[in-house]
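Starting from 1, each residue takes its place in the sequence as its number.
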Amino acid sequence: MKNPMWRDSRLCSPVLVLACGAAFAQTEAPRLAPVVVTATRSEVPLREVIADVTVIDRSEIERHQGGAVADLLRRVPGVQMARSGGPAGSTSVYIRGGDTRFTALLIDGVRVDTQTTGGVNWEAIPLSQIERIEVLRGPASAVYGSDAMGGVIQIFTRRGEPGTQFDVGLGGGDYGTVKSDASVSGQVGPVDYALSGLSEQSTGFSARTTGNPDRDGYRSNGGSGRVGLNVVPGQRLEVSALRSHVDGQYDASPTSGADDHSLHDLESVRALWAAQWLPEWKSTLSFGQAKDHYDTRPNLYTTDTRVRTSTWQNDVRLGKHTVNATLERREDHLVNSDVNSTDDTRTQDALALGWGWRQDSLSLQVNARHDRNDAFGSANTGSIGAGVDVATGWRVLSTLSNGFRAPTLYQQFSASGKSTLRPERSRSNIELALQHRAGAFESSATVYRNRISDLIVFGPPTGCPAPFGGCYDNAGNAVLKGVTLTSAYTGDGLRIAGSIDFLSAENRDTHKDLGRRAPRFASISIDKDLGDTTVGAQWQVSDKRYDNAANTTVLGGYSVVNLDLQHKLSSAWRVLARVDNFFDKKYQLANTYVTNPMTVFVGVRWSPRI
């Protein structure tokens, strides 16, 4: 793992591809940059954002319809993924090497979390219900509070637009995979709406490398809806909801002969009132709730998390200045057999302030937040960022920030928990980026360092409040540092995008690498429009990683190629095809678990607009 990257031929080739992108850069202007909200909680054009953000649009999501959300996310610069088996297996997403619990997830603005070991059950997120994804890399606790110590991922479902839009998809593939989804959206007078549903199933493949050879498939269903009412100009009411159910088969151990099942139920609901009081002043009052239910069978284990949030956000724009003020209350609730029922709820109140200034070649963004948690006290976080246009097409960005992650209710109050646990802290996070745009060519280089202290780890029983073979404690420190290089070209019906990550994710106390995070990871995608047909290829290359904290179990490096095709039969009909793991590579993302072999998926979509 100490060899320089350029000595590894699998990773050298993407470097050459990124470098040659400059040859296409001189003639055609890139597409208009989208507007994002995740960086500051207010709408900002992507090219004016100081933070490191990537947007995944609906067209890219549709072409990935044979896969899962986590597979799509690991194509994003700075993001890696680990999974135990197939799409329904336990999944972790790492942003810049941070643990999966250090990434905050919002669905239409609703905070989603689990209060067991923390983080999101990514396998429960339905891909077909998603319209857009925004990925923010780097600590954002100064904006979002706890959970956002490594980054933020925000998922947006569909919203109705004038007219009536239908969208129906049906497809199937290897291993008995069948997927279907349907949606209708539109606007009638002051009311807009979007409703959708899905159903998926697969017989799957055997998830374990040894032991029980049975297939581990899954079934899932769900739906989402959003209805908005524009009461009068500048006054809007809206409700949105999403539900997903996944029943996944798995092998509890390599020698288990049982038909093990894991059941995930995810629900989120939100109501908001958005008001434009003055041309310069807008406010949003919202109430959200997310529920995450997980249980296993035949070995019974059940846990339920409920997160409620109430937010009042005010945005004021005065010339070149933007001021944000947010009051937020969060209530966490956990029902788990190992948790004392009198200590399964906690509240957290927060005040967040932000100031932005943009003029000519200079941009500044300052955020500060105070959180008061009734379980451990206060946490203060802040960030300051600046962007400067140093020459035509060249921009330098720099950010200094800190963050925290509150211990979960399970880590505090279960039989293996400690009520005196302190929050995990991200200190002196530094980020420096250089961006370049020339015609149709864009590239960037980002250097970052994130020091984390008071890591919560499960350790030996010494000092534990109850004999349970061990307990959680603030017993770790880590440093996450690295470099991310990206490059992209858009022109003449051709799109090339790639990234290379050099990562050092190290436990500062043991000087060991953090598990399942590759020190070198590269991804490149190429899409070409050929009349009514679009063909694409994605290539992902990973260095070897360690599976465990002791760095004694090695997961080998791998190189995977995926292919996709979309053909327009008419203005309303499209055929989509996808081949994952085209060369049928055998590799592991978690020890004793296999990943999907070569799989083919073919589908058709009908999307008329009336």
Side-chain angles (χ1 to χ4, degrees), residues 1-3 5 70 73-74 76-84 90-104 116-120 122 137-139 141 147-151 153 402-405 407-408 411 421 423-431 446-460 470 472-484 500-522 542-558 587-593:
M1 296 180 68
K2 305 302 182 183
N3 293 332
M5 191 182 80
L73 288 173
R74 69 169 170 169
V76 174
V79 178
Q80 297 188 42
M81 182 268 283
R83 183 166 59 209
S84 301
S90 179
T91 304
S92 297
V93 172
Y94 310 113
I95 295 182
R96 291 183 176 176
D99 195 90
T100 191
R101 67 182 184 273
F102 297 160
T103 296
T116 47
T117 55
V120 179
W122 289 101
R137 293 173 289 273
S141 292
D147 314 345
M149 196 161 71
I153 296 176
N402 66 341
F404 79 103
R405 162 81 202 199
T408 68
Q411 291 169 337
L421 283 177
E424 298 169 289
R425 302 279 186 174
S426 166
R427 304 180 187 276
S428 302
N429 177 72
I430 300 174
E431 180 179 320
T446 304
V447 182
Y448 59 88
R449 186 202 66 196
N450 191 354
R451 293 179 176 175
I452 301 175
S453 60
D454 291 328
L455 274 174
I456 297 175
V457 298
F458 189 84
Y472 292 98
D473 199 3
N474 294 107
N477 298 280
V479 59
L480 312 173
K481 58 184 179 181
V483 178
T484 299
I500 304 173
D501 292 295
F502 301 80
L503 172 68
S504 173
E506 182 183 78
N507 185 313
R508 287 193 295 167
D509 301 321
T510 64
H511 301 292
K512 302 289 187 181
D513 290 347
L514 300 182
R516 301 181 179 178
R517 274 147 276 198
R520 294 174 289 269
F521 186 87
S542 175
D543 199 354
K544 62 183 180 180
R545 299 88 64 224
Y546 292 112
D547 186 71
N548 57 346
N551 288 184
T552 56
T553 303
V554 177
L555 301 173
Y558 63 88
Y587 64 101
Q588 292 180 296
L589 298 175
N591 189 40
T592 75
Y593 289 92

Going from OG on S84 to OH on Y593, what distance comes out if it is rounded to the nearest 0.5 angstrom? 4.5 Å
Between R449 (side chain only) and S428 (backbone N and O only), is there a donor and an acceptor less than 3.5 Å apart? yes
Atom pair CG/CG of L480 and L503 - distance to nearest 0.5 Å: 7.0 Å
Keeping the roles fixed (side chain from N507, backbone from K512), state whether a donor-acceptor pair exists under 3.5 Å. no
With a 4.5 Å cut-off on side-chain heavy atoms, are T408 and T117 touching? no
Between atom CD1 of I430 and atom CG of N402, what is the distance when rounded to the nearest 0.5 Å? 12.0 Å
Please confirm whether the backbone N or O of V93 pairs with a side-chain atom of T100, one donor and one acceptor, at under 3.5 Å? yes
Euclidean distance, D454 CG relative to D473 CG, rounded to 0.5 Å: 9.5 Å
Side chains of S92 and R516: any donor to acceptor distance under 3.5 Å? no
So, do L514 and Y94 sit near enough that their side-chain heavy atoms are less than 4.5 Å apart? no
Given side chain to side chain contact (heavy atoms under 4.5 Å, CB included), test F521 with T484 step by step and report yes or no. CA-CA 10 Å; F521 186 87; T484 299; over 6 Å; no
Quick one: closest heavy-atom pair of S426 and M149, and the distance? CB-CG, 3.2 Å
Measure the spacing between CZ of R96 and OG1 of T103 and express it to the nearest 0.5 Å. 11.0 Å
Basic-acidic side-chain contact under 4.0 Å: R405, D147: yes
Just so I know, are the side chains of T553 and Y546 near enough to count as touching, which here means a heavy-atom distance under 4.5 Å? no
Would L455 and D509 satisfy side chain to side chain contact (heavy atoms under 4.5 Å, CB included), going step by step from the backbone distance to the final call? CA-CA 11 Å; L455 274 174; D509 301 321; over 6 Å; no
Taking every heavy atom of D543 against every heavy atom of A518, the minimum-distance pair comes out as O-CB, 3.8 Å
Indicate yes or no: at least one non-hydrogen side-chain atom of R137 is less than 4.5 angstrom from one of T446. no
Can you tell if the side chain of I456 reaches within under 4.5 Å of the side chain of N474, non-hydrogen atoms only? yes
Shortest non-hydrogen pair, V483 vs Y448, comes out as N-CE2, 4.1 Å
Apply the test side chain to side chain contact (heavy atoms under 4.5 Å, CB included) to residues R545 and R517: give CA-CA distance (whole Å), side-chain angles for both, the deciding distance (0.1 Å), then the verdict. CA-CA 6 Å; R545 299 88 64 224; R517 274 147 276 198; 5.5 Å; no
If you compare all heavy atoms of F458 against all heavy atoms of G470, which two are closest, and at what distance to 0.1 Å? CZ-C, 3.5 Å
Using side-chain heavy atoms (C-beta onward) and a distance below 4.5 Å, is I95 in contact with I153? yes
Could you walk me through whether N450 and F102 satisfy the side chain to side chain contact (heavy atoms under 4.5 Å, CB included) test, starting with their C-alpha distance in whole Å, then the side-chain angles of each, then the deciding distance to 0.1 Å, before giving a yes or no? CA-CA 12 Å; N450 191 354; F102 297 160; over 6 Å; no
For T91 and A70, work out which heavy atoms get closest and say how close. CG2-CB, 3.5 Å
Taking all non-hydrogen atoms of both residues, which atom of N591 and which atom of D547 are closest, and how far apart? N-OD1, 3.0 Å
If the test is side-chain hydrogen bond (donor to acceptor under 3.5 Å, both in side chains), which one of R425, E424, R508, R427 qualifies with S453? R427
